[in-house]
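Just below is one structure, and these are the notes that go with it.
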Amino acid sequence: MSLEARDISFRYPCGRELYRGLSLAVGPGERVALTAPSGRGKTTLCQLLAGYLVPASGCVLADGEPVRPVARLRGEASPVQLLPQHPELAFDPRVRLGQSLGEVAGAGGACARADELLGSFGVREEWLARRPHELSGGELMRLAMVRALSVRPHYLIADESTAMLDAVTQAELWHVLLGLQERDGWGLVLVSHSPALVGRVATRRVELR
């Protein structure tokens, strides 16, 4: 049981090769930090692990099953959820946030789970009647975390997900996330330029070369 990249290679069209034969695995309950200088493809690897990009060779597996981008197009709940640095990317800008959460919870049969998480992350009921651009970054990130965790993922990928927030909000959200991770046992992949955050959160580090 693991989230596993097996011998993957990737390059953007007309761009340099980012990976060749890269392999890594993240087990349930682990908190793995990906470390590398800027521009070495950490965000790209997060998107590959979450199924937003497809490797040129090799494969990405979640508990032995391929992570398929087509599942997202069909509205299916993926066992791997991605928290991007910019939470507005997780929502349709034309749709009210309550509707967005309802669509995800309905697809994964997770309405009760979403209600529990709204309280855990301090989401106010009035936010659900608004569209993404009407909330602050911190407010929207709380909803993005609810959205990702409501489908009970096996793995969560946090790509600089709290980097744009103030220190107090970061500490609060990570406190909630780590409590849920320890309780539920999902694996976590973390990207952060904060040594203090990585030191506090990660149980293991993987340096990308």
Side-chain angles (χ1 to χ4, degrees), residues 3 26 28-33 43 46 49-50 52 72 75 77-194 196-198 200-203:
L3 174 61
V26 179
E30 276 199 294
R31 302 194 295 266
V32 178
T43 290
C46 288
L49 291 173
Y52 286 85
R72 301 185 183 281
S78 172
V80 186
Q81 292 291 314
L82 175 65
L83 285 174
Q85 180 176 353
H86 301 286
E88 63 272 14
L89 298 178
F91 298 98
D92 185 334
R94 303 164 297 179
V95 176
R96 297 186 190 279
L97 290 158
Q99 181 180 341
S100 288
L101 289 180
E103 290 172 352
V104 173
C111 290
R113 171 70 166 170
D115 288 342
E116 172 201 344
L117 292 168
L118 290 171
S120 297
F121 284 101
V123 174
R124 297 178 183 173
E125 185 176 354
E126 59 264 29
W127 297 353
L128 302 179
R130 300 175 185 172
R131 292 184 172 85
H133 72 274
E134 297 178 293
L135 297 186
S136 69
E139 292 166 348
L140 199 56
M141 181 54 73
R142 294 171 190 271
L143 282 159
M145 290 177 173
V146 171
R147 188 180 193 274
L149 294 176
S150 64
V151 297
R152 299 184 183 274
H154 297 175
Y155 306 94
L156 182 71
I157 300 174
D159 180 19
E160 290 281 3
S161 54
T162 61
M164 305 297 290
L165 308 179
D166 64 82
V168 172
T169 304
Q170 286 193 51
E172 179 186 351
L173 294 185
W174 276 108
H175 176 76
V176 175
L177 274 178
L178 293 179
L180 292 169
Q181 194 258 353
E182 290 174 359
R183 185 192 73 180
D184 297 336
W186 35 266
L188 173 67
V189 177
L190 165 72
V191 172
S192 175
H193 288 291
S194 168
L197 180 61
V198 170
R200 176 190 170 198
V201 171
T203 58

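Side chains included, hydrogens not; waters and symmetry mates left out as well; all remaining heavy atoms used.
- R183 and E116 are joined by a salt bridge, as a carboxylate oxygen and a charged side-chain nitrogen come within less than 4.0 angstrom of each other.
- Side chain of T203 to main chain of E30: no donor-acceptor pair is present (N/O by atom type, distance under 3.5 Å, no hydrogens or angles).
- Considering only heavy atoms from C-beta on, M164 stays 4.5 Å or farther from Q170 through its side chain.
- A donor-acceptor pair under 3.5 Å is formed between the side chain of E134 and the backbone N or O of R131.
- Here the closest heavy-atom approach between residue V146 and residue A114 is recorded as CG1-O, 4.0 Å.
- Between T162 and L83 there is no side-chain heavy-atom pair separated by less than 4.5 Å.
- I157 contributes atom CD1, which lies 5.5 Å from atom SG of C46 (distance to the nearest 0.5 angstrom).
- Among pairs with a residue in residues 85-94, those fulfilling side-chain hydrogen bond (donor to acceptor under 3.5 Å, both in side chains) read D92-R94, at least two apart in sequence or across chains.
- In terms of heavy atoms, A90 sits closest to A144 at CB-CB, 4.4 Å.
- The 12-atom threshold is not exceeded at CD of E125, counting heavy atoms of other residues, nucleotides or ligands nearer than 6.0 Å.
- To the nearest 0.5 Å, atoms OG (S161) and CG (L190) are separated by 7.5 Å.
- Contact record, L128 with R96: O-CB, 4.0 Å, taken as the closest heavy-atom pair.
- Pairing each heavy atom of L188 with each of V26, the nearest pair is O-CG1, 4.0 Å.
- Scanning for salt bridge (charged side-chain N to carboxylate O under 4.0 Å, His left out) contacts around D166 gives an empty result, with sequence neighbours left out.
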Next item on the list: Could you give me the CA-CA distance, side-chain angles and deciding distance for L149 and F121, then say whether side chain to side chain contact (heavy atoms under 4.5 Å, CB included) is met?
Entry: CA-CA 11 Å; L149 294 176; F121 284 101; 4.0 Å; yes
Checklist line | Verdict with supporting geometry, V123 and M145, side chain to side chain contact (heavy atoms under 4.5 Å, CB included) | finding: CA-CA 11 Å; V123 174; M145 290 177 173; over 6 Å; no
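- For the pair E160 (side chain) and P84 (backbone), a donor-acceptor distance under 3.5 Å is absent.
- Within 6.0 Å of CZ on R124 lie no more than 12 heavy atoms contributed by other residues, nucleotides or ligands.
- For E172, the salt bridge (charged side-chain N to carboxylate O under 4.0 Å, His left out) partners are R142, not counting sequence neighbours.
- If you take CZ on R147 and CG on L140, they are separated by 10.5 Å, rounding to the nearest 0.5 Å.
- With hydrogens and angles disregarded, a donor-acceptor distance shorter than 3.5 Å links the side chain of S136 to the backbone of E139.
- With S78 contributing its side chain and Q81 its backbone, the two residues share no donor-acceptor pair below 3.5 Å.
- When side chains are defined from C-beta on, L156 does not count as touching L82, because their heavy atoms never get closer than 4.5 Å.
- Within the 3.5 Å criterion, the main-chain N or O of S150 finds no donor-acceptor partner in the side chain of R113.
- Residues L3 and W186 form no side-chain contact, since every pair of their non-hydrogen atoms from C-beta on lies 4.5 Å or further apart.
- Going from atom CG of L135 over to atom CD of E126 covers 9.5 Å, rounded to the nearest 0.5 Å.
- M141 contributes atom CE, which lies 6.0 Å from atom CG of L165 (distance to the nearest 0.5 angstrom).
- Pairing each heavy atom of G137 with each of P87, the nearest pair is O-CG, 3.8 Å.
- Between F91 and L97, the shortest heavy-atom contact is CD2-CD2, 3.6 Å.
- In this structure, S120 OG and D115 CG are separated by 11.0 Å, a value rounded to the nearest 0.5 Å.
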